[in-house]
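Each ligand, and each atom within it, is numbered from 1 in the order the structure gives. Source: prediction; values computed, not measured. These numbers come from the heavy atoms of this one structure, side chains and all, not from hydrogens, waters or symmetry mates.
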Amino acid sequence: MDTILVFNFGGQYCHLIARRIREKGVYSEIVQSDMPADKLNALSKKSDVKGIILSGGPSSIYEKDAPKMDRKILDSGLPVLGICYGHQLMASYIGGKVSRAERKEYGTSYANIRNATGVLLGLGKKEEVWMSHGDVVLQMPKNIDVLADTENCKIAAFMDRKRQLFGVQWHPEVVHTKNGDKILGNFIFNVCKCRPMWKAESTIPEYQRQISEEIGEEGAIIALSGGVDSSTAALLASRAIGDKLTAVFVDTGMMREKEADSIRNMGKTMGINLIVIDAGNEFIRKLKGVSDPEKKRKIIGSAFIRVFEREAKKRGAKYLIQGTIYPDRIESGQAKKSSVIKTHHNVGGLPPKVKFNGIIEPLKDLYKDEVRKIARELGLPEEMISRQPFPGPGLAVRIIGEVTKHKLEVLRKAEAIVSEEIERAGSGIRPWQYFAVLTDTKSTGVKGDSRAYGNVIAVRAVESKEAMTANFAKIPYPVLERISSRITSEISEAVRVVYDITNKPPSTIEWE
Ligand code: XMP
């Protein structure tokens, strides 16, 4: 299959590059930026590599530990497109001069297109582009064509016609670059001559074959959370190995109203061998007296693993199947440098504490939208596919302070009201994620003719794409009003409802 490799120089938009290319029907994979040329040659033979994109990155090419690449690759005959850091690095390798910019450029800028050729084919004279850089390419050798400049950047795009090397200082992969998609399309189709052959759904038979070949006659187990990733992995595995698969759903007691029932039903609809472990008491016991959010997350994560270990041992399962997807792998690989904001407990990322013959991750090369396509093809019910995300630790991170059974009951009722009212308001206003939070603030109110003193419930609703950033949803006031009046009248403990109007960053989506 025609493939474009994306060399990862640590840029935050590296993922977007691969996504945009796959959206165009061409398979794309992210690889380490220091891949040696001979390894690339071997890979090219196997998977028909047609071109390379060098991503952006946070470093300056002159820093001591700045990431490099094997420069022999630039002579391998494969076309290369360098973006931002990749543009500067490639420029320096082919005889250009790069230096600190007098003025850093962040955000929207305008590029003067001097020569609309190569990757810039079909672009206008002035193009809106998105930039984020502190270094600039100042000079290029004579044999290199300068294709564009901006106010602060004399060489904002270049081309080595002979070797088909292109550099752009701006980011074509972000939506703020108006014709970014055209630039990527020019590169993959006109320059690299890729054919659009990639379709997530067409990988199903191959994934199934791999699963059944690896597992053979043994038994396997999968932790099912009810989310789209683990459900799709379970369906794929069940199609491959039938009743040798057992899906385990751990009911932590921190789930939403009727959640465990809906997962039981899902097991039936999908024809999967599913067991539900009621571990609510165990979890609440371990959380007694704990109010620190990070401690709560860690306790829940490890309690989950204990339950799962017991079940796997009981069933003598030799293989573990996980719903890990592509961003999970890449993000955990890069996590070394980033600070821990929250310890995400995700059943998809269950550590292999129990001894297994093997761990199989059938969705490990796919993005969320691709997983959804496969889920549809496999017949996963639509309500499961478009389900909003739900954190592994469940309602425990939506109760500020210690978790008790009573608080869980209060929050469950509030959560159900928020969901019902937002869903009733119609799909047009349905945000990406919406829920209630039980705060630890008490407040005075008046109910009937008497003073009431009770809980403050917060409503959180956000719009997002990948949960990395989010904006609070602009829910119409009448909907918020219905939510507020229902919560205060149907839940005796609640006297006040507030709406969270912070974006991420600086807030996170969940309160804890
Ligand atoms: P934050 O609160 O970090 O959340 O902005 C981003 C997205 O992740 C979900 N979330 C989790 N998902 N395990 C998960 O699988 C977790 O521990 C976890 N914590 C938060 C959250 O609901 C939001 O969609």
Side-chain angles (χ1 to χ4, degrees), residues 12 15 222-234 249-256 259 263 283 286-287 290 292-305 308 322-332 334-335 338-351 361 363 367-369 371-372 384-400 403 411 415 418-419 422 430-439 458-473 500-512:
Q12 51 178 324
H15 251 296
I222 181 166
L224 196 72
S225 69
V228 67
D229 303 342
S230 64
S231 309
T232 308
F249 171 72
V250 182
D251 183 355
T252 59
M254 315 283 150
M255 315 308 277
R256 291 164 290 194
E259 189 140 32
I263 291 184
F283 278 75
K286 289 185 171 167
L287 286 170
V290 183
D292 177 74
E294 275 300 281
K295 273 200 192 128
K296 284 201 282 193
R297 283 176 171 271
K298 288 199 173 120
I299 290 171
I300 293 172
S302 73
F304 182 87
I305 292 163
F308 193 75
Q322 299 204 100
T324 319
I325 65 170
Y326 200 35
D328 296 340
R329 282 200 300 142
I330 304 281
E331 273 152 28
S332 44
Q334 288 177 347
S338 57
S339 68
V340 175
I341 311 289
K342 291 178 188 183
T343 311
H344 272 214
H345 156 59
N346 188 344
V347 288
L350 195 71
E361 297 173 320
L363 311 176
Y367 287 104
K368 193 81 151 193
D369 52 331
V371 172
R372 291 206 170 103
M384 303 303 303
I385 297 173
S386 50
R387 236 169 158 227
Q388 49 169 329
F390 186 63
L395 299 184
V397 290
R398 294 178 180 171
I399 292 173
I400 310 307
V403 180
L411 181 57
E415 173 89 36
V418 171
S419 296
I422 288 185
R430 199 156 158 185
W432 190 77
Q433 194 174 7
Y434 43 94
F435 53 89
V437 175
L438 178 57
T439 75
V459 177
R460 178 77 162 142
V462 294
E463 298 297 353
S464 179
K465 261 197 152 161
E466 298 286 344
M468 297 299 287
T469 59
N471 289 337
F472 77 87
D500 182 346
I501 52 165
T502 28
N503 296 336
K504 170 182 180 176
S507 286
T508 51
I509 295 178
E510 303 289 344
W511 273 38
E512 284 199 334

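At under 3.5 Å, not a single nitrogen or oxygen of Trp432, backbone or side chain, sits near a nitrogen or oxygen of ligand 1. Taking any N or O of Arg398, backbone or side chain, none lies under 3.5 Å from an N or O belonging to ligand 1. For ligand 1, the polar-atom distance check against Gly392 finds a nitrogen or oxygen pair separated by under 3.5 Å. Remark: ligand 1 and Phe390 share no N or O pair separated by less than 3.5 Å (distance only, no angle test).
Here the straight-line distance linking atom CG of Asn471 with atom CH2 of Trp432 works out to 12.0 Å at 0.5 Å rounding. The distance from the CZ atom of Phe304 to the OG1 atom of Thr252 is 8.5 Å, given to the nearest 0.5 Å. Rounded to the nearest 0.5 Å, atoms CD1 (Ile305) and CD1 (Ile300) are 12.0 Å apart. Rounding to the nearest 0.5 angstrom, the gap separating the CZ atom in Phe283 from the CG atom in Asp251 is 9.0 Å.
Residue contacts with ligand 1: Gln388 is excluded, as none of its non-hydrogen atoms falls under 4.0 Å.
When side chains are defined from C-beta on, Val462 does not count as touching Pro431, because their heavy atoms never get closer than 4.5 Å.
In summary, the side chains of Tyr367 and His15 do present a donor paired with an acceptor at a separation below 3.5 Å, with no hydrogens or angles considered.
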| field | Phe472/Arg460 under side-chain contact (heavy atoms from CB on, under 4.5 Å): CA gap, chis, key distance, verdict | value | CA-CA 8 Å; Phe472 77 87; Arg460 178 77 162 142; 4.2 Å; yes
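Those atoms of ligand 1 that come under 4.0 Å of a heavy atom in Pro389, given as number and element, are 24 (O). In the vicinity of Pro393, heavy-atom distances shorter than 4.0 Å reach the ligand 1 atoms 16 (C), 17 (O). Ligand 1 places these atoms under 4.0 Å from at least one heavy atom of Thr508: 1 (P), 2 (O), 5 (O). Atoms of ligand 1 found under 4.0 Å from any heavy atom of Lys504 (numbered from 1 in listed order, with element): 1 (P), 3 (O), 5 (O), 6 (C).
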